[in-house]
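The structure under discussion appears below in the form of C-alpha cells.
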Amino acid sequence: MFRNAILRSARAASRAAPRFQTPIARPAARSSLFQSKQIIPAASFQSVRCYSAPAGLSKDEVEGRILDLLKNFDKVSDASKLSASSHFSNDLGLDSLDTVEVVMAIEEEFSIEIPDKEADAIHSIDKAVSYILSQPDAH
Amino acid sequence: MSREMALQAYRHLLRSTRIAFQGDINTLSAARFEARRQFDSNRSISSGSEDAVGKIAQAQEIAKFLRENVVQGEKTDAEAENYKLRIHEHTERGNNDDIKTAGKGNTLAGVKCCQS
C-alpha cells in the first residue's frame, strides 16, 4: 500500500512538472520493479513535492479574484455595492443574462466548467466563492 | 421553465463561442455581442410560448454548430494559400464509412448534422 502511494505521488509529480520528468521518472520506474527496500530514491524525491498541495486556493484569494472580475464588468451598476456577500441581481443590478455572463467569466477565470444545474444556482458572490472552493480542479 | 431553458441556451452559446473562436478576441467578442443582442431583442417573448421554444431551440442549434462545424484557420505564410486548421475535440468528424452513406439524404451514421 505504501508503495502504491509513492507510485501515485510520483506519477502526479511527473505530470505536474514535466521539466523534472527525467530525474523523477527513473526512481518511479525502478520502484515499480524492485522490492520495497530499493524505494529509498523515490522516497527522497518525494520531499521535493513540486506539485501543488490539495488545498490550492484560499478563500480570500478566490473572493479577491471574483471581486476584481466584477469590478471590470461594465454592467455592474453600482461598484460601491461590491462586497463578498453581494447578490448579482439585487445588489449589483445585473439581469439574468448578465448573471450567466458573470458565471461564465468565473469559469474562465478559474479554468473549470460549471455544470448547468450548479451554474443556475449561483446568484451571489459568496455562493460563487463557496462553489469554487469546493472544486479541487479550480486554479 | 423556459426562462431557465433560455439561460441554459445562452450559456451553451457562450461556451461554444469560446471553443470556436479561442484566442481570436475580435471574433469572440463580436459573436458574444451578437448573441447578447439577439437574446435582448427577444426579451419580450412570453415564456412557454411556441415562439420562445423555437428561439431557444435555434440558439441551441447555433451553439452546436459553432462547436462542431466551425474551425479556425491560420495562414501558414503570407503568400501561399495554405491554412493551418485548428481541429479540436468537439469538431464533427466523419469516417470513411460515411462515404457509403453520402448522398442518401443523411450524414454521419444516419444522424442529420443540422435540422434546419
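So that the names make sense, note that chain A is the first sequence line, chain B the second, and so on, each numbered from 1.
Comment: B:R32 engages A:E108 in a salt bridge, judged by a side-chain N to carboxylate O separation of less than 4.0 angstrom. Between B:R3 and A:D95, none of the side-chain N atoms (NZ, or NE/NH1/NH2) sits under 4.0 Å from a carboxylate O, so this pair counts as no salt bridge.
No single ILVMFWY cluster, assembled from side-chain heavy atoms under 4.5 Å apart, contains both B:I45 and B:V53. B:F21 and B:I19 are not part of a single hydrophobic cluster, where members link through side-chain heavy atoms under 4.5 Å apart. Under the 4.5 Å side-chain heavy-atom criterion for ILVMFWY residues, a single connected hydrophobic cluster contains both B:F65 and B:L28.
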Q: May I have the step-by-step check of side chain to side chain contact (heavy atoms under 4.5 Å, CB included) for A:L97 and B:R43, ending in yes or no?
A: CA-CA 10 Å; A:L97 292 177; B:R43 196 178 276 276; 4.0 Å; yes

**Q.** Working for side chain to side chain contact (heavy atoms under 4.5 Å, CB included), residues A:D120 and B:R11
**A.** CA-CA 10 Å; A:D120 283 338; B:R11 184 174 301 120; 3.1 Å; yes

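Interface remark: B:R15 contributes backbone and side-chain atoms alike to the contact with chain A (heavy atom separation under 4.5 Å).
Summarising the geometry, atom OG1 belonging to B:T17 is positioned 7.5 Å from atom CE belonging to A:M104; distances are rounded to the nearest 0.5 Å. Note: B:R18 CZ to A:E113 CD = 6.0 Å, rounded to the nearest 0.5 Å.
Within the 4.5 Å cutoff, side-chain heavy atoms of B:R36 are placed close to those of A:D98.
The local environment of NZ in A:K59 is sparse, with at most 12 non-hydrogen atoms from other residues, nucleotides or ligands closer than 6.0 Å.
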